[in-house]
Amino acid sequence: MTVRIATWNINSVTARLPKLLEWLDGAKPDVLCLQELKCATDSFPFEAVKELGYEAAAHGTGRWNGVAILSKLGLTDVVRGLPEQPGYLADDALLPETEPRAIAATCGPVRVWSVYVPNGREVDHAHYRYKLEWLEALRRSVLEDAAGARPFAVLGDFNVAPTDEDVYDRAAFEGLTHVTERERAALAALQTAGLRDVVPRPLKYDRPYTYWDYRALCFPKNRGMRIDLTYGNKPFVEAVSDSYVDREARKGKGTSDHAPVVVDLAL
DNA sequence: ATGCCCCGCCCCGCGGGA
């Protein structure tokens, strides 16, 4: 069987609902991992995606973060949040908050995590340390599935460009997050767990960027970054028959600033 | 043309994104 899995930082599932339904209808993924829902679990458009044949599991609290998994292949063993997931202590908060940034489910023959890794904001900011801790918690959380015989992958917005080739101009990111050694080391640690970066092909130009800032004509000028990633275990990676970034979904008004990444598996 | 930022929030400038 062929299984199509995709990941998309949707930047508000409410504002993007028409675009989401249009994209599902066209690309027809069997499984879709969503990030940045910006809505509470109860406000997720379960009925709208059900009409297109998708079951959904969502994990959101409101205006920030939020993740979901849509599936046509069944949706079982849902886990909300990473085991041992660190919380973030905001400047004006008394207690750290455990944010909705991860959800897992088994969809037919495949198990997936949909993750939205913390941004980090600035190097050495409390949010940057939180980002590094979060990636370490992710690594610990996937050890068993990563070593298993069942195809397994972590898909989502990792907020890290794995190499200098994954940003349009390395010099433009000097001193900024997403490209630092510590972030890349925390990301690369997933490989010691047995996971590999499934690099998609671009549909245009030479690099498979997945994010372009809304400002300054970044998309037409292809000033992008590859930060939406798929980390698969051996059975998953060996089944990959194709992977691409659907930059068409980034065109026009009312789009997310991220493009969906599609991975096809021959199982 | 892909075209100069956009989201949510107890209304509107601000925090956050990267």
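Every chain is numbered from 1 and lettered A, B, ... according to where its sequence line falls, protein lines coming before strand lines. All values reported here derive from a predicted model rather than from experimental measurement.
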query: With a cut-off of under 6.0 Å to the ring centre and 45° to the axis, is A:R226 in cation-pi contact with A:Y209?
result: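 No; the conditions do not both hold, so A:R226 does not lie above the ring face of A:Y209.
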Do the side-chain N and O atoms of [X] and [Y] include a donor-acceptor pair separated by under 3.5 angstrom?
| X | Y | result |
| --- | --- | --- |
| A:S114 | A:Q35 | yes |
| A:D257 | A:W212 | no |
| A:W8 | A:D228 | no |
| A:R111 | A:T106 | yes |

query: Can you check whether A:L32 reaches A:T7 side chain to side chain, under 4.5 Å on heavy atoms?
result: no
- prompt: NA contact type, A:R16, heavy-atom cut-off 4.0 Å: base, sugar-phosphate, or nothing?
  reply: sugar-phosphate
Complement of B:dC10, any strand, by Watson-Crick or G-U distances under 3.5 angstrom: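 Paired with B:dC10, as far as the under-3.5 Å criterion goes, is no nucleotide at all.
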- request: Determine the interatomic distance between P on B:dC12 and the same-named atom on B:dG17; round to the nearest Å.
  value: 23 Å
- request: Could you work out the separation of B:dC9 and B:dG3 based on their C1' atoms and round it to a whole Å?
  value: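 Roughly 29 Å separates the two C1' atoms.
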task: Calculate the interatomic distance between A:N222 atom CG and B:dG3 atom P; express it in whole Å.
output: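 The distance from CG of A:N222 to P of B:dG3 comes to 14 Å, rounded to the nearest Å.
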- prompt: For every nucleotide of nucleotides 8-18 of chain B, 5' to 3': is a protein heavy atom under 4.0 Å from its base (B), only from its sugar-phosphate (S), or from neither (-)?
  reply: BS-----BSBB
